[in-house]
Each structure stands twice: as structure tokens, then as C-alpha cells.
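Labels below follow one simple rule: chain letters A, B, ... track the order of the sequence lines, proteins then strands, and each chain is numbered from 1.
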Amino acid sequence: MTRPSSDPTGDAGNFVRERIADDVAAGRHGGRVVTRFPPEPNGYLHIGHSRAILLNFEMAREFGGRCHLRFDDTNPAAEESRFVEAILADVRWLGCDWGEHLYYTSDYFEPLYGYAEELIGKGLAYVCDLSSEQIREHQGTLTEPGRPSPFRERPIAENLELFRNMRAGAYAPGARVLRAKIDMASSVLPMRDPILYRIVAQPHHRTGDAWPIYPMYDFAHPLSDAIEGITHSLCTLEFQDHRPLYDWLIEHCSVPHRPEQTEFPRLNLSHTVMSKRWLRRLVDEGHVSGWDDPRMPTLSGLRRRGVPAAAIRNFNAALGLTRRNLTVELARLEHAIREELNRSAPRRMAVLRPLRVVIENFPEDETLEFDAVNNPEDPAAGTRKLPFSRVLYIERDDFLEDPPKKFYRLAPGREVRLRYACLLRCESVVKDASGEIVELRCTWDPESRGGNAPDGRKVGATLHWVSAVHAHPAEVRLYETLFSAEDPMRQAAAEGREQSDYLNPASLTVLHDCRVEPSLADVVAGTALQFERLGYFAADPDTKPGTPIFNRTVTLRDEWAKLQRRG
RNA sequence: UGGGGCGUCGUCUAAUGGUAGGACAGCGGCCUUUGGAGCCGUGUGUGGAGGUUCGAAUCCUCCCGCCCCAGCCA
């Protein structure tokens, strides 16, 4: 089996791939491979889902099969069509193509109902009148067996009649359920007469009020897989206990095909959460601007932040796939993002916190133009012109009146290079009444046009800059992790505290007074760029023509920041 | 506690009875018109104890630890 070319390490394993290869070699399922990604449309997809999406689509691609996209919409109380739309867009964005194979579990409500009647007819399912609480009481515990429902031995004909009445809408929610008749003493809890159908009085996003009863996941999923001819039903580890039930249903219903379930671990990322419940709370309580807030681990959030889909694909491929639970360090994702953007993002000049520089020996009305390389990693990206004049802005962080050791940037009397422009010396500092530095008086070396002096003298640093009169104002949004804790859910549980206790108050910083080079005035939303020496940024959808807004996707690796952190 | 699953550097992952290797992170250095990128160097990591074997991360036994299951959610 050849590995995907996107796998940068080449040795990250994947036990699912091995298993499928075995099946194909042994001719199981007629040698076919059909997978499916089955999201519930009750929220947005997050990076954890990307693992499942890419695994399913990639396995189908590698083995010449196909992958279905199936919305698992069996709970109308939770699901909405706006989530369907968002999920479709996110899966497509990741580069996955389901072709004609877009399905909904709700497409199968009729055949599923038929399978339920079949089970009743075989004496393998019964209508139970116990309340929710009573069912729980009869359920037993981890160590004690359950007790049979008093309705367990109901005659087949009566079960059939009651179930048909359920379908006809004759009963109130909670009044009755359909249960499989399996084994109340099983050590596998999902086998203790699991509920197959319940009554729900909620309109469904696709079937409206057509159905008063809805199948449970455990019932609908294996049978939907069978209906679609799925060969490899890949799901997460917590469903391992459900596999006996999955197999039981396939065994006892007259299905056209026998799919098999294989479980793999969920992907966890440090400094964030993958729980839809937690993510929903962040949205509902206004801690973020929405499901697509650039701080969210959702695919929509990552996309808005500027993360390329290729980075997410490479990130997953490099991770490999074993049966062990995993929590991947955020640094690993950031690495994949930088790797991708380094090769693809055009470089631009942007000053986030402007400090005014006046070049005393440069004429008032003159403008020079210097050539700047668009992407040193990609010669084909060409060059552009940068205007240069007497008054410039540089980054406030790039000047220190009293520089410590290892600060190589500008200081009084010191010379640095302005990227692509010239050498610049700081002659004096101008302060306002409160003592704050408001301006630097500098001189340039006219012989150093382009950046090098004829005498070959060296400088300690190269700074980014923009020309004051030519630069365009912009807003820049800086992001840090949404949570300060490495594993906020675990920590909250351990310490008995709230989600909000672990939010990072510095997760968003908005800079309103930035200056960007003129070529960025009409940047198109979604454009990914590197601001030289600062990081990778992407134009936000809030950007309007002439008023650019940028999101910082990720910083550049920063040796100076690291030294400062170390103290 | 009954059942299911899993234990290899800080993190992720190779080695499928034969030299414990890679990536990320960290640390040190080289190079540099991005303190970017790139390059070089840097590790007593097989949960523990026994056993089998010429040889064990790998096979066996026991122990320890972690994750999941008691929704009319998926």
C-alpha cells in the first residue's frame, strides 16, 4: 500500500489502513471499500472531526472505493438545517468529495420502521410502557444485572398493534418505547434491552411532522450502513461497547449487506476542547462571536483564522492512527500551519503598533521605490514595489531606548537595516510631556539603497516598515488560546469549577491603528499572507473594500520572544 | 467493583522475536536583507515484577496505571 503523498513523515502508522488492506486482500466484502462520515447536524464540525472525515475519505480513495456523507439526523430536538449547511461547506473545504453520495438517516425512516416491525414479528422487540425513570431502575448497574420489564413478554400481535399506534401518533412523548429483547443480565450495558424507538413531539428539519417516533442511533446506524452497502463503518472508541448491538441488529434484520464496525480514538488537542456541549456554551454565553470565531477549534473558525485546509490534512496525516487515546500538543498543529503557509503565503509589510520615524537627511517631497520579494520560498511569486519616503512607521517593539543584551534592534546611535530599503541610524528620540516616545529622528545612508552599504558593514537587525503617507490603515486581531489550561475539561472536572474559570482573558487583542503597505488596501477576504517578522495573517470576512481587517493565524517562530519569556 | 479498550522520549508515532528510530517541543550551534525559512548537533523513552528464549517493546503469568459504558443523545 502506498502512503498518501501528503504524509510528511512516512512512518506514522494507521491500523485502520492495515485492517482494510487485509480485508481487500482476503476478498472480504467482495474486495470493495465503502466508508461513510456520519455527522449529526447539531453543531459545527471541529478539528477532532477532521480526523474522522479525512480517514474515511482517504481510505475510500486509497482503496478505489467511495465515501458517503450521511447526516445522522435521528434526534429532531437537537438538529437544525443551518448546521447541515455549515457541515457541507466544511467537509468540502477540507477537500473531500462525496460525489452523488449525500444521504440522511431520515431518508431511511420508512425502511428502518420496516426493520423494527420485522424484529417485533420475530419476537425480538417489544413495546415497553415503563417510564424513563422506571427503565433506568430496571437497568441495573455496572456490577448488578438488570431486571426484565413487565412488558417484556407482551404478545407479538399486541406489540405490533401498539408500535403501529406509536407511529400513528396515538401516545404522548415518553409514554411508550420500542425495545430490543436481548439480555437484561448482559455485562454489556447496551445489550440490556436497548431502546430502539422513542416518541418525540418535535418537527424534524427534513421530515417535518411526518413522524411522531424516531429511531435511536444504535438502531438506525448499523441498518443505515447496511442499506448503503457500507463495508467499513469507522467510529470512535466509545462505541466499542455498542458493537455487539451493532452486530446483533445486522444479524437479526433482513439487511442487504453486512457492514463491520471498527473503532479508533478521538483526536484531542491541548489548550482547547472538542466537546460540542462546551463549544455550544462558548457561543451561547457570548464568550466568542460565533461557531466560526477564529479562536474556536471548529473548522469554520480555523478557516476564518487563516488556517489552510492543506495544513489540517498534513497535520492529521503526520499524526498517524493507533488505538490509543491521544492529546496532541497545539504546537504540532501550529507547525503544520507554518509549514504550509511558509511555502504558500505572500510576504507583506505591516506595522501593528506604529512608531513614527523621520529621516532627517531625506528630502520632504521625494518618494523612492524599492523592490521587495513576494515569497523567498517561491521565486515564481515575483517581486513588488515598496514606496519609501521621509516619514516612516516601524514597530514600537523594534526600538528600545535602553536596549538589554541580545536586543539587536534599533536603539539610540545604533544602525539597522530597513528590509529591502536601506540602512538607518537613530540619532535622537522625541518624547511627549508624559515621557512617552512619540518619534525617532533618524538618518539614512543613501549609498545603502536596497539594503547593503558599499563598505559591506553589518547591522544587527533588519526591520519591517511602511511609508507613512503611502501606508493604509488597518485593523488587526491577535489571538491566543481560548483556554489557558492545557486540558480545561479535565481540570474543571477535577477542581469542580466552571468552564469560564479557564478562559484565557487575553485570547483576543484588537489593534485598531495598524498600517499596512499600499498593496493591501483592497485585499480580498480569506487571503493568507505573511506579515514579515510578525506571523501569518488572513483577511477576515469583516473586511470591506478599503478597510482591511486581518486575523493573526499564527506567529512566526520568535527567538527574541522566547528569550524574553525565559527572562 | 462487571464489561470493553489502551500502556514506547514531554507530546505524537515506528520497530510485527534480532542495533529502540522519526516527527513536534526543548537545548546548543551554523547561516541569514524576516531573531522567519534552512542546516548541524543534542535523548538511560519500552508502566512494574517474574517467566520462555542464544536473544523480548514484541510471547506467557501476575501486578499497576489510564480511558470508555448505568441518555427515551450521537
Considering only side-chain heavy atoms of [X], which listed nucleotide, [options], is closest?
X: A:His242; options: B:G36, B:C6, B:A74; value: B:A74
X: A:Glu532; options: B:C12, B:U34, B:G35; value: B:U34
X: A:Leu319; options: B:G35, B:A74, B:C12; value: B:C12
X: A:Ala331; options: B:G2, B:C72, B:A25; value: B:A25
X: A:Met216; options: B:G71, B:A25, B:G35; value: B:G71
X: A:Arg324; options: B:A37, B:G5, B:C6; value: B:C6
X: A:Ala12; options: B:C72, B:U13, B:A37; value: B:U13

Query - Donor-acceptor pair present, A:Gln530 side chain and B:G36 base, under 3.5 Å - result: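 Looking at the base of B:G36, it does not pair with any donor or acceptor on the side chain of A:Gln530 (distance under 3.5 Å).
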Query - Heavy-atom donor-acceptor pair, A:Arg533 side-chain to B:G35 base, under 3.5 Å - result: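 Counting by modelled atom types and ignoring angles, no donor-acceptor contact under 3.5 Å is found here.
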Query - Salt bridge flag under 4.0 Å for residues A:Asp193 and A:Lys181 - result: no
Requested in this report: Assess whether ring-ring contact (aromatic ring centres under 6.0 Å, His included) is satisfied between A:Trp465 and A:Phe388, documenting all intermediate values.
Outcome: CA-CA 9 Å; A:Trp465 54 276; A:Phe388 180 92; 5.4 Å; yes
Query - A:His221 and A:Tyr246 aromatic ring geometry - parallel, tilted or perpendicular at 30°/60° bounds - result: tilted
Requested in this report: For A:Ala78 and for A:Asn452, find the nucleotide of RNA chain B with the closest heavy atom, then tell me which residue's nucleotide is more 5'.
Outcome: A:Asn452
Report task. Find which nucleotide of RNA chain B each of A:Asp218 and A:Asp241 is nearest to by heavy atoms, and output the residue with the more 5' nucleotide. Result ->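 With A:Asp218 and A:Asp241 compared, the 5'-side residue is A:Asp241.
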Report task. Check the chi torsion on B:G36 and let me know: syn if it falls within 90° of 0, anti if not. Result ->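 Anti conformation here, the glycosidic angle of B:G36 being more than 90° from 0.
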Query raised in the report: For A:Ala471 and A:Val466, which heavy atoms make the closest approach, and how far apart are they?
Result: CB-CG2, 3.7 Å
